[in-house]
Amino acid sequence: QVQLVESGGGLVQAGGSLTLSCAASGSIFSIDDMRWSRQAPGKPRELVASINVGGGAEYADSVAGRFTISRTNDNLTTYLRMNRLKPDDTAVYYCHADLLGTTMTPLGPLAAEFEVWGQGTQVTVAS
């Protein structure tokens with residue numbers, strides 16, 4: 001089963017830094033875009049950053065210049081380096097990825113493209 005597991009969240013003071021990681025595992029043939037989104041209570045879910053296979057990255061205006069997304073050469077891990085954190089950055093951060101993997105069907109394993117989300121990791125920024 002394909003899984004994404006986030007780690008690295010925690011409590012940090014405003015102005016501090018934190019790095020989140022997301023590790024993919026399972027029967028994965030390839031991973032296209034890897035992304036980080038966040039969800040804060042009372043706020044709509046926000047796509048924070050994305051990175052494509054070639055390493056090209058895009059960021060939300062709210063984090064541009066402060067956050068950096070990266071991925072390992074094997075494309076199984078993505079990182080989100082968060083600098084100069086603000087209280088408004090407080091949220092649950094989710095890793096999600098578009099990938100080609102294997103899913104089990106009654107007929108057996110099937111290669112398919114789908115999006116997988118991690119369980120999320122809490123980031124709390126204290127003022």
Side-chain angles (χ1 to χ4, degrees):
Q1 182 178 4
V2 176
Q3 289 184 293
L4 299 178
V5 179
E6 302 98 332
S7 62
L11 175 65
V12 64
Q13 295 293 316
S17 298
L18 204 61
T19 299
L20 307 181
S21 64
C22 172
S25 63
S27 185
I28 301 170
F29 296 107
S30 63
I31 300 179
D32 193 5
D33 286 4
M34 302 188 79
R35 302 174 177 129
W36 288 94
S37 293
R38 64 187 182 186
Q39 179 71 64
K43 298 180 180 179
R45 188 174 64 198
E46 179 183 26
L47 176 63
V48 173
S50 64
I51 184 169
N52 62 26
V53 175
E58 297 182 357
Y59 301 94
D61 289 342
S62 58
V63 306
R66 299 188 297 118
F67 289 13
T68 302
I69 187 171
S70 61
R71 64 196 297 171
T72 57
N73 290 336
D74 62 9
N75 292 312
L76 294 179
T77 303
T78 184
Y79 300 98
L80 185 67
R81 176 65 176 176
M82 304 181 293
N83 295 319
R84 303 190 302 280
L85 284 161
K86 305 174 181 178
D88 284 348
D89 294 321
T90 296
V92 177
Y93 284 72
Y94 297 91
C95 172
H96 52 116
D98 300 323
L99 55 84
L100 175 64
T102 298
T103 185
M104 189 61 64
T105 74
L107 298 177
L110 175 69
E113 294 183 342
F114 49 91
E115 185 177 46
V116 179
W117 288 69
Q119 83 288 350
T121 185
Q122 176 71 46
V123 173
T124 302
V125 184
S127 61

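Only heavy atoms go into these numbers, but all of them, side chains included; no hydrogens, no water, no symmetry mates. In this text, all values refer to a predicted model and were calculated from it rather than measured experimentally.
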So does [Y] get a backbone contact from the side chain of [X], meaning a donor-acceptor N/O pair under 3.5 Å?
| X | Y | result |
| --- | --- | --- |
| R66 | R84 | yes |
| Y59 | I69 | yes |
| E6 | C95 | yes |

Over all atoms of both residues, closest heavy-atom pair of [X] and [Y]:
| X | Y | value |
| --- | --- | --- |
| S127 | A14 | CA-CB, 4.2 Å |
| A126 | L11 | CB-CD1, 4.1 Å |
| S17 | N83 | OG-OD1, 2.8 Å |
| A24 | I31 | CB-CD1, 3.9 Å |
| V92 | G120 | CG1-CA, 3.8 Å |
| P109 | M104 | N-SD, 3.6 Å |

Euclidean distance, [Y] [atom2] relative to [X] [atom1], rounded to 0.5 Å:
| X | Y | atom1 | atom2 | result |
| --- | --- | --- | --- | --- |
| M82 | R38 | CE | CZ | 9.0 Å |
| D98 | E115 | CG | CD | 5.0 Å |
| T121 | L20 | OG1 | CG | 6.0 Å |
| E58 | S50 | CD | OG | 4.5 Å |
| S25 | Q1 | OG | CD | 9.0 Å |

Exercise. Under a 4.5 Å cut-off applied to non-hydrogen side-chain atoms, are L99 and V2 in contact?
Worked result: yes

Exercise. What pairs of residues pass the ring pair (Phe, Tyr, Trp, His ring centres under 6.0 Å) test when at least one of them lies in residues 2-44, not counting sequence neighbours?
Worked result: none

Exercise. So which pairs with a foot in residues 104-127 pass ring pair (Phe, Tyr, Trp, His ring centres under 6.0 Å), sequence neighbours left out?
Worked result: H96-W117

For this session: Could you walk me through whether T19 and R81 pass side-chain hydrogen bond (donor to acceptor under 3.5 Å, both in side chains), step by step?
Result: CA-CA 4 Å; T19 299; R81 176 65 176 176; 2.7 Å; yes

Exercise. What do you reckon, is OH of Y79 surrounded by more than 12 foreign heavy atoms closer than 6.0 Å?
Worked result: no

Exercise. If you count the non-hydrogen atoms of other residues, nucleotides and ligands that lie under 6.0 Å from CD in Q119, is the total more than 12?
Worked result: yes

Examine the side chains of [X] and [Y] and answer whether a donor and an acceptor come within less than 3.5 Å of each other.
| X | Y | answer |
| --- | --- | --- |
| R71 | T78 | no |
| S62 | E46 | yes |
| T90 | T124 | no |

Exercise. Charged N to carboxylate O below 4.0 Å: is that the case for D33 and R35?
Worked result: yes

Joint hydrophobic cluster, [X] plus [Y], side-chain heavy atoms closer than 4.5 Å:
| X | Y | answer |
| --- | --- | --- |
| M34 | L100 | no |
| L76 | L4 | yes |
| L18 | Y94 | no |

Problem set entry | Sequence neighbours excluded, every pair satisfying salt bridge (charged side-chain N to carboxylate O under 4.0 Å, His left out) that has a member inside residues 22-32 | none

